[in-house]
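This one's a predicted model, so the numbers in the text were calculated from it and none came from an experiment. The residues of the chain are indexed from 1 along the displayed sequence.
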Amino acid sequence: MTLTLIDRARRTGHVTDRDAGDAPDRGPADTGAAPERTPDAAPGSAPRRAAGREADGLAVASFVLGLVGLLVFNLLLGPAAIVMALLALARRTRRPGRARLGLALGVADLVVLAVLVTVNGMVAWDLAG
């Protein structure tokens, strides 16, 4: 990001103290040149990209927690998967299918927990019969 700011300052003719020593002398033809459009040069692109990556991570985490929650720690992992999936969907993840699946698995965790408590009277699997 620092290089982008220095590059932008050089293109517009604004030279700061930090980059004054290494800026080459430019003629008047260079100061009016149109800046290149790159994904890194757009103002605010880094926070948006980080937020998108964070939302994608939340979607994947909700899926994994919901899947693991079907077997262990239903009480903790189910609600965590639901919250993470809702956050990922609210932040417009690029993986909405995975976020919805994490949401469904989180709800399934709570349903499995309710069935276990109803049938066994405790929060544990009883495979022995």
Side-chain angles (χ1 to χ4, degrees):
M1 181 157 156
T2 304
L3 293 175
T4 304
L5 292 175
I6 292 171
D7 235 0
R8 193 176 296 150
R10 286 180 183 165
R11 276 190 236 127
T12 59
H14 297 93
V15 179
T16 62
D17 293 337
R18 187 173 51 180
D19 61 353
D22 59 345
D25 193 351
R26 304 213 175 190
D30 287 344
T31 58
E36 295 178 30
R37 279 290 178 196
T38 61
D40 294 336
S45 66
R48 269 186 278 162
R49 200 172 324 135
R53 225 178 300 140
E54 182 180 309
D56 291 345
L58 284 170
V60 172
S62 71
F63 170 72
V64 170
L65 289 179
L67 196 59
V68 173
L70 287 173
L71 300 175
V72 293
F73 300 119
N74 309 56
L75 186 61
L76 298 174
L77 297 181
I82 292 170
V83 168
M84 286 184 179
L86 291 175
L87 282 173
L89 289 171
R91 293 180 183 178
R92 300 197 185 271
T93 180
R94 290 179 298 190
R95 301 174 184 229
R98 189 152 305 159
R100 286 188 202 106
L101 189 57
L103 180 64
L105 286 171
V107 171
D109 290 348
L110 296 179
V111 168
V112 166
L113 177 68
V115 168
L116 285 175
V117 170
T118 303
V119 172
N120 292 340
M122 62 181 164
V123 184
W125 290 96
D126 187 19
L127 299 176

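To the nearest 0.5 Å, the span separating CG on Asp56 from CD on Glu54 amounts to 10.0 Å. Rounding to the nearest 0.5 Å places CZ of Arg94 at 8.5 Å from CZ of Arg53.
The same ILVMFWY cluster, assembled from side-chain heavy atoms under 4.5 Å apart, contains both Leu67 and Leu58.
Of all heavy-atom pairs between Thr93 and Ala99, the closest is CG2-CB, 4.2 Å. Nearest heavy atom pair, residue Ile82 against residue Leu103, reads CG2-CD1, 3.8 Å. Scanning both residues, Ala59 and Arg95, for their nearest heavy atoms gives CB-O, 3.9 Å. Closest heavy-atom contact between Ala81 and Gly102: CB-O, 3.9 Å.
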Sequence neighbours excluded and cut-off under 3.5 Å, please list the side-chain donor-acceptor pairs for residues 104-118, or say none.
{"residue": "Asp109", "atom": "OD1", "partner": "Leu70", "partner atom": "N", "Å": "3.0"}
{"residue": "Thr118", "atom": "OG1", "partner": "Ala114", "partner atom": "O", "Å": "2.7"}

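For the side-chain contact (heavy atoms from CB on, under 4.5 Å) test, residues two or more places apart in sequence or in another chain that qualify with Val83 are Leu87.
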